[in-house]
Amino acid sequence: MNLADRLSHQVRAIPRSGIRDFFELVIGRDDVISLGVGEPDFATPWHIREAAIYSLEKGRTSYTSNLGLETLRKGISRYVRQRFHVDYDPKGEVLVTVGVSEALDIAFRALLNPGDEVLYHEPCYVSYNPSVALAYGKAIAVPTRVEDKFALRVEALEQAVTPRTRVLMLNFPTNPTGAIQPTDELEKIARFALKHDLIVITDEIYSELVYLEGYEHVSIASLPGMRERTLLLHGFSKAFAMTGFRLGYACAPQPLIEAMMKIHQYGILCAPITSQVAAIEALENGAPAVERMRQSYSQRRNLLLKGFAEMGLPCFEPGGAFYAFPEIRSLGMTSKQFALGLLEAKSVAAVPGDAFGACGEGFLRCCYATDINLLRTALERIAEYVDEIRKAGS
Ligand code: PLP
């Protein structure tokens with residue numbers, strides 16, 4: 001029997017993540033400076049780890065309600081009200097999930113019928129397209145351009161929308177570009193969603209990590225008429241440096257949360273209680289640590305932007321997240337050639353831009369959630385490599 005032939009068509013059709021393929025090359029190489037994985041280099045703040053430790057010490061090792069601990073759901077509801085100015089009832093409009101990853105998966109499964117179309121902006125997080133495909137939907141990429149600071153233009157959405165479009169997937173600040181969406185552009189997108197009667201999923205995972213002076217992040221869920229058609233996803237991985245706790249949440253009107261809860265209940269049952277207790281502490285007392293980490297990322301962002309400018313590599317100024325997305329097109333190489341060459345010649349790992357969609361070609365994603373001294377060395381090595389390519393070409 002050929003086992004490969006027995007796998008579902010859906011699973012066979014999706015590729016492995018380009019990030020993972022690339023990072024298998026790095027495994028076991030201690031000399032490599034990695035700007036690759038999108039993960040904070042900070043350990044989770046101590047008071048949050050302590051809350052997790054005490055909960056284990058007290059023997060809190062049971063299942064919780066499928067929706068998640070009530071105290072946590074109340075905390076999430078409060079946090080979302082303060083941060084995004086939208087009200088969700090902790091009793092039926094908040095679901096605690098295993099990261100934003102699980103929330104995305106069950107959201108698409110709850111919302112899509114076979115062939116339903118989902119619009120999403122590219123370059124984007126690697127999970128959106130395959131998660132839609134696994135839910136039997138059709139993911140339609142809407143390109144964004146460096147000339148527009150990678151903001152999503154409503155004109156591009158109008159070109160892509162069809163009578164089968166059901167969902168619009170948004171992520172600002174964006175992985176991998178760090179783009180933010182100016183509020184007037186976000187308002188146009190809200191009007192577009194209303195006009196075409198779309199459900200909007202907004203992935204807010206980087207919303208605390210913004211760096212522009214005077215800029216305040218706005219969620220589309222808070223715009224007029226949008227709460228009833230928006231699913232707001234958020235989690236603890238990035239701003240609170242809690243990737244390993246695997247904790248996220250979904251907020252939406254009750255019928256959608258109820259549908260997602262049914263899938264969650266059979267597939268997962270509940271998120272781990274230790275992580276839920278840690279998340280309660282994070283929401284109650286985590287703000288100063290988040291701010292300290294944000295300031296540190298801001299310094300590193302500035303260092304990287306200065307470094308790329310000195311090398312003569314154009315780099316769009318990211319408004320948020322912890323990624324820089326320099327353009328390497330002028331060097332006459334593809335993103336993959338550049339990233340592989342940089343790894344081989346200088347032991348610096350960064351992700352080729354096309355891992356995030358075709359329009360990421362010509363760019364490189366550099367995650368700056370890395371020690372600032374390592375970032376300095378990485379910049380020196382990238383500068384040497386760029387120099388060598390230019391000399392070889394002249
Ligand atoms: N959404 C975006 C945009 C991400 O960049 C990531 C992780 O890199 C996730 C979701 C996954 O987050 P979680 O750890 O909460 O599953």
Side-chain angles (χ1 to χ4, degrees), residues 17-20 22-23 34-42 44 48 68 72 76 79-80 95-108 118 120-132 134 139 141 144 150 152 168-181 200-210 217 219-220 231-251 260 264 267-268 271-272 275-276 278-279 282-283 290 297 318-325 350-351 353 355-357 360 365-370:
S17 157
I19 302 185
R20 188 171 150 203
F22 193 74
F23 278 89
S34 178
L35 313 182
V37 182
E39 175 159 27
D41 64 325
F42 297 104
T44 306
I48 300 174
L72 176 56
I76 290 169
Y79 185 80
V80 168
L95 172 66
V96 178
T97 58
V98 178
V100 171
S101 303
E102 190 221 344
L104 282 165
D105 176 39
I106 61 178
F108 291 128
V118 177
Y120 68 102
H121 49 109
E122 261 192 2
C124 72
Y125 179 47
V126 292
S127 282
Y128 300 146
N129 183 314
S131 301
V132 170
L134 288 171
T144 58
F150 291 109
L152 177 59
L168 170 62
M169 176 78 230
L170 301 178
N171 168 229
F172 300 112
T174 307
N175 173 7
T177 58
I180 53 171
Q181 186 77 353
V200 176
I201 304 179
T202 178
D203 178 347
E204 303 279 355
I205 198 159
Y206 294 105
S207 59
E208 288 88 351
L209 304 178
V210 293
H217 177 79
S219 170
I220 197 163
L231 170 61
L232 185 151
L233 306 182
H234 200 1
F236 296 85
S237 288
K238 310 293 177 174
F240 293 95
M242 290 174 67
T243 47
F245 282 86
R246 309 304 307 121
L247 211 71
Y249 52 89
C251 300
M260 289 171 65
H264 171 81
I268 302 285
S275 301
Q276 293 195 51
L283 291 178
V290 170
Y297 295 138
F322 38 49
Y323 308 105
F325 206 56
V351 187
F356 307 95
R365 189 191 78 172
C366 301
C367 173
Y368 51 81
T370 299

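Since the model is a prediction, treat every value here as computed from it, not as a measurement. For ligands, and for the atoms within them, numbers begin at 1 and follow the listed sequence. The basis for the numbers below is simple: all heavy atoms, side chains too, and nothing from hydrogens, waters or symmetry mates.
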Mutual orientation of the aromatic rings belonging to [X] and [Y] [parallel < 30°, tilted 30-60°, perpendicular > 60°]:
{"X": "Tyr323", "Y": "Tyr206", "result": "perpendicular"}
{"X": "Phe236", "Y": "Phe240", "result": "tilted"}
{"X": "Phe150", "Y": "Phe325", "result": "perpendicular"}

Original post:
Got a donor-acceptor contact below 3.5 angstrom from the Gln181 side chain to the Leu152 backbone?
Top reply: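 Side chain of Gln181 to backbone of Leu152, a donor-acceptor pair under 3.5 Å: yes, one is there.
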Original post:
To the nearest 0.5 Å, what is the distance between CG (Leu283) and CG (Leu72)?
Top reply: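 Rounded to the nearest 0.5 Å, the CG-CG separation comes to 6.5 Å.
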Original post:
At a 4.0 angstrom heavy-atom cut-off, what protein residues surround ligand 1?
Top reply: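 Within 4.0 Å of ligand 1, protein side: Gly99, Val100, Ser101, Tyr125, Tyr128, Asn171, Asn175, Asp203, Ile205, Tyr206, Ser237, Lys238, Arg246.
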Subject >> For Val200, all residues meeting side chain to side chain contact (heavy atoms under 4.5 Å, CB included), sequence neighbours excluded >> reply: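 Expected list: Leu168, Leu170, Ala193, Ile220, Met226, Thr230.
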